[in-house]
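To start, I am sharing the structure in question, which I have written as structure tokens.
As the structure lists them, so they are numbered: ligands from 1, and atoms in each ligand from 1.
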Amino acid sequence: MTNAALRKKKPVVALMGEFSAGKSTLANMLIGQGKSPVKVTATQLPPVWFSYGADAAYTVDLAGKKAPLDLADLETVQVSDTAYVKIFMQADILEMMDLIDLPGNSDPNMSPEVWQRAIHHADTVIWCSHATQAWRQTEAAAWAELPRHLYPVSILLLTRFDKLLNDHDRGRVLARVRAETRGQFRDVFPVSLIQAVEAGDDHDAWLASGAAEFVQCLLDTVIELDALPNNRSNVLPLRQTTEPVSPLRATPTPRPTASEQPEATSGAIAPKRVERPAGEARERPPAKDGGLRRPVA
Ligand SMILES: Nc1nc2c(ncn2[C@@H]2O[C@H](COP(=O)(O)OP(=O)(O)OP(=O)(O)O)[C@@H](O)[C@H]2O)c(=O)[nH]1
Ligand SMILES: [Mg+2]
């Protein structure tokens, strides 16, 4: 048996959240170079499971039966009888983790079963919440249904933070959501996915988007999960801190038209941004408060 075959599966990261919260934009950002065949405007897709490799795509039906899939036909795959679509890509991030882009769970046309079917595969969740209506009751209710072992290793992402136009609103939203979700996530990050995607090689813009801190936390989490038996997190302590909230570290300049242009996401996020960190996260001394969050400038 080869080393690859002997190796246990990679941690599986589920991208969840309500309709249009930015899950597919996030998948594209993480995969980078606009390589994902899933258009951000695509709706009614079943869960899309991205793994590393060059194998041909396939669908898995509700009975677990695989069928080959021509990616040109992706938009025609039926949600009702497909457990998930499996797509292989040679993207850096997929060397460390699998990603599952789930359909929005509050879409009135989307049965909750669709994402419940996929969630048991997940070792961690990135929950995307639209910042201008962050952490609605429906989101809290959906999160309460999920297995508790996910809580200490999952990340809450407040997307479209660029839509909050001043520091007061940003601080207020972040403070409220942190208070309401305390103990339920490893950490909460405000982010503008659009700005992160548009940042390209502009390091300052990447930092200002909020994506840098979030991606670091994701990589740390995945490395820790990868070291656990079965990638399961029930031995990890909850890391979410109780430190005072602060808005985006560097306030991005709003770009009024960006959010209205899905095609903007065809821009590239350099894969180097999601490479395995040089330092060994597990060997770092824990922060005084037990959290990974670095002091915010
Ligand atoms: N301004 C702004 N727009 C964003 C951001 N994230 C996503 N969008 C836009 O929001 C729209 C919806 O994003 P998607 O990534 O398709 O959202 P989704 O959660 O995958 O949606 P469903 O799969 O339909 O539930 C797209 O037009 C994105 O360009 C962000 O951080 N800022
Ligand atoms: Mg989507």
Original post:
Between Ser24 and ligand 1, does any nitrogen or oxygen pair lie at a separation below 3.5 Å?
Top reply: yes

Subject >> Distance-minimising heavy-atom pair for Thr221 and Val153 >> reply: CG2-O, 3.3 Å

**OP:** State if Cys128 counts as touching ligand 1 under the rule of any non-hydrogen atom under 4.0 Å.
**Re:** no

Original post:
Just which atoms of ligand 1 are under 4.0 Å from any heavy atom in Leu193?
Top reply: 6 (N), 30 (C), 31 (O)

Subject >> Contact check: Thr25 to the Mg ion (ligand 2), N/O/S below 2.8 Å >> reply: no

Original post:
Would you say Leu102 has any N or O atom under 3.5 Å from an N or O of ligand 1, going by distance alone?
Top reply: no

Original post:
Picking from Arg160, Lys163, Glu18, what satisfies side-chain hydrogen bond (donor to acceptor under 3.5 Å, both in side chains) with His130?
Top reply: Arg160

**OP:** Can you figure out which of Thr25, Thr132, Val197, Leu26 has its heavy atom closest to atom 28 (C) of ligand 1?
**Re:** Thr25

**OP:** Measure from atom 32 (N) of ligand 1 to every heavy atom in Val48, Thr159, Asp162, Asp101 and give the option owning the shortest one.
**Re:** Asp162

**OP:** Under 4.0 Å from a heavy atom of Ala21: give me the atoms of ligand 1 that qualify, with their elements.
**Re:** 17 (O), 18 (P), 19 (O)

**OP:** Answer with yes or no whether Gly17 contacts ligand 1, where contact means a heavy atom under 4.0 Å from a ligand atom.
**Re:** no

Original post:
Considering all heavy atoms of both residues, which atom of Glu139 and which atom of Gln133 are nearest to each other, and what is their separation?
Top reply: OE2-O, 3.9 Å

Original post:
Are Glu180 and Arg136 ion-paired here, with the side-chain N under 4.0 Å from a carboxylate O?
Top reply: no

Original post:
Which atoms of ligand 1 have any heavy atom of Gly104 under 4.0 Å away?
Top reply: 25 (O)

Original post:
Between Thr82 and Asp61, does a side chain to side chain donor-acceptor pair (under 3.5 Å) hold up when you go through it step by step?
Top reply: CA-CA 4 Å; Thr82 308; Asp61 73 13; over 6 Å; no

Subject >> Residue Phe19 vicinity, atoms of ligand 1 by number, heavy atom under 4.0 Å >> reply: 24 (O), 25 (O)

Original post:
Between Tyr151 and Trp143, what is the ring plane arrangement, given parallel below 30°, perpendicular above 60°, and tilted in between?
Top reply: parallel

Original post:
Are Trp135 and Phe185 close enough that their ring centres sit under 6.0 Å apart?
Top reply: yes

Original post:
What pair of heavy atoms forms the shortest contact from Ala54 to Phe88, and how long is it?
Top reply: N-CB, 4.2 Å

